[in-house]
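If you're wondering where the values come from, they're calculated on a predicted model, not measured in any experiment. Lettering of chains follows the sequences in order, A, B, ..., and the numbering in each one begins at 1.
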Number of protein chains: 2
Amino acid sequence: MDQSGAVAPFPYKPLYVQVRDQLVRRLIEGQWQPGQVIPSEMELAREVGVSQGTIRKALDAMTAENLLIRRQGRGTFVARPEESRILFQFFRLVPDDGDVTFPSSRILARCSEASGSREAATLGIAEGDEIWRIDRVRSLAETPSLVETIWLPAARFSGFGDLAEIPNNVYGLYSERWGITIARASEKLKAVAATCAEAPHLRCEVGAPLLEITRVALDLEGKPVELRVSRCLTGTIHYRSELG
Amino acid sequence: MDQSGAVAPFPYKPLYVQVRDQLVRRLIEGQWQPGQVIPSEMELAREVGVSQGTIRKALDAMTAENLLIRRQGRGTFVARPEESRILFQFFRLVPDDGDVTFPSSRILARCSEASGSREAATLGIAEGDEIWRIDRVRSLAETPSLVETIWLPAARFSGFGDLAEIPNNVYGLYSERWGITIARASEKLKAVAATCAEAPHLRCEVGAPLLEITRVALDLEGKPVELRVSRCLTGTIHYRSELG
DNA sequence: GAGTGGTCTAGACCACTTG
DNA sequence: AAGTGGTCTAGACCACTCT
């Protein structure tokens with residue numbers, strides 16, 4: 001590994017960060033599949049040519065980013081989006097009584113369209129580029145709780161129209177079908193009034209207060225992959241946020 | 001340090017966690033004040049009787065918890081609640097255009113009352129115990145944006161009624177006046193309709209959708225210190241949440 | 001018992017800040 | 001130049017899992 005920094009001396013990068021970046025690149029290239037074990041610390045140390053301690057720091061950093069899962073006595077595994085732990089990393093709506101439940105989904109529409117200015121800006125594509133759009137209603141505990149629209153750049157999701165069905169957990173689909181891992185997301189929350197488009201699906205009055213969540217989901221490289229707007233009835237559920 | 005675990009063998013605690021707990025205890029007892037430098041790694045290692053690497057792991061853990069701030073070449077400092085970095089750790093409402101601004105506050109009322117069941121349950125006190133209550137309106141960029149009520153257990157905030165003024169940043173006040181550090185908080189978000197009590201303050205219609213944030217703030221020991229309910233107009237501002 | 005990750009130690013050197 | 005935190009190494013031992 002380049003530890004001297006002779007080629008690019010200014011942006012000094014610690015060795016363990018260089019190792020992390022190299023390992024993330026191998027993840028992106030699909031060298032290790034979700035759920036698989038990666039080589040042990042000792043093997044990686046020999047292979048990369050650094051000490052076990054440096055490999056450990058790189059693996060610990062990736063574990064903190066939810067890319068890996070380490071189990072004492074078993075090994076280091078590539079995180080899988082379909083695991084419940086990862087699911088609730090991105091699903092923050094929980095019933096007021098605290099019992100976590102899996103949502104169910106009903107697809108309303110799936111179509112391709114030309115991207116508007118907002119979709120183009122947030123997804124990093126040109127205005128007018130083809131995008132896929134999915135509308136669906138999601139229920140918690142048999143109660144229709146939110147309507148949401150998902151936009152995906154068609155260029156990264158070829159063959160999307162051929163899918164027979166769209167599963168409830170689309171991040172698992174992105175991973176299995178296109179090898180795209182959602183690493184993190186940033187959300188903006190607002191309170192809005194229900195329109196006549198969504199009120200019937202949520203069985204609420206037009207004008208009822210809804211929680212609007214606008215999410216941009218990013219892949220391992222930090223590139224935007226998905227834009228999603230959800231409008232939620234927060235009668236017996238709420239959005240949970242932990243600070244600190 | 002107890003590394004053998006002979007006394008309580010079952011809940012195995014790594015040495016660096018024991019060191020962390022010991023250092024946190026010294027923080028709680030007020031041995032090191034916010035903003036102060038604590039001893040260097042080498043000194044602490046000699047003092048506690050473990051290696052420098054173990055001290056480092058303990059200090060790194062506390063840094064990750066926002067209790068300490070480490071600066072290469074200078075030293076390790078106790079985090080101060082009045083620093084802007086810590087302020088925005090707990091203030092997640094930002095203008096849509098992205099420019100972060102400091103809110104200003106106007107106090108509406110300050111009084112003591114008997115705790116109801118909700119306040120008692122969340123603050124860990126008995127129903128009917130005396131609590132302080134503060135009502136205020138906060139503005140972002142000269143626009144009244146939220147009304148909020150804060151409840152504090154009177155037992156932990158003696159002399160609260162004698163304060164001439166209540167500053168905008170109450171967490172700095174808790175720290176300076178009572179030595180209470182807010183370490184983390186958990187928030188529940190809902191969309192609600194504006195009532196006639198808050199509509200005039202926010203210059204909005206009764207029934208307008210508001211973002212309601214219910215926060216329980218915890219101290220260094222994880223004990224609840226403050227209950228706060230904020231109702232926000234999210235016309236040109238939003239609540240920012242980072243996932244992953 | 002063999003292999004994995006987790007902890008702990010000791011020492012060297014690097015990058016940054018201050019006098 | 002001296003002192004701080006940050007990185008890197010090498011080796012030992014511990015706790016856990018599987019065969």
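- Taking atom CZ of residue Phe77(B) and atom P of nucleotide dT17(C), one finds them 11 Å apart after rounding to whole Å.
- For Lys57(A) and dT7(D), the shortest distance from a side-chain N or O to OP1 or OP2 is below 4.0 Å.
- Residue Arg70(B) has a polar side-chain atom (N or O) positioned under 4.0 Å from OP1 or OP2 of dG6(D).
- Taking side-chain N and O atoms only, Thr76(A) has a distance below 4.0 Å to OP1 or OP2 of dG5(C).
- Distance check, rounded to the nearest 0.5 Å: CH2 of Trp132(A) to CH2 of Trp151(A) gives 15.5 Å.
- To the nearest 0.5 Å, atom OG of residue Ser230(B) and atom CG of residue Leu146(B) are 5.5 Å apart.
- For Ser40(B), a side-chain nitrogen or oxygen approaches OP1 or OP2 of dT4(D) to under 4.0 Å.
- Here dG5(C) is the nucleotide among dG6(D), dC8(C), dG5(C) with the atom lying nearest to any side-chain atom of Glu41(A).
- Under the 3.5 Å distance criterion, with hydrogens and angles disregarded, a donor-acceptor pair is assigned to the side chains of Ser241(B) and Tyr239(A).
- Computed from coordinates, the Met62(B) CE to dG5(D) P distance equals 13 Å when rounded to whole Å.
- Residue Gln52(A) contributes atom CD, which lies 8 Å from atom P of dG5(C) at whole-angstrom precision.
- Here dT18(C) presents its P atom at 12 Å from CD of Gln72(B), a figure rounded to the nearest Å.
- Residue Tyr16(B) places its side chain closer to dT7(C) than to any other of dC8(D), dT7(C), dT9(C).
- Residue Gln18(B) contributes atom CD, which lies 8 Å from atom P of dC8(C) at whole-angstrom precision.
- The phosphate of dG5(D) has neither OP1 nor OP2 within less than 4.0 Å of any side-chain N or O from Arg56(B).
- With salt bridges taken as basic N to acidic carboxylate O contacts below 4.0 Å, none links Arg228(A) and Glu187(A).
- Within the structure, a side-chain polar atom (N or O) of Arg74(A) is placed less than 4.0 Å from OP1 or OP2 of dC18(D).
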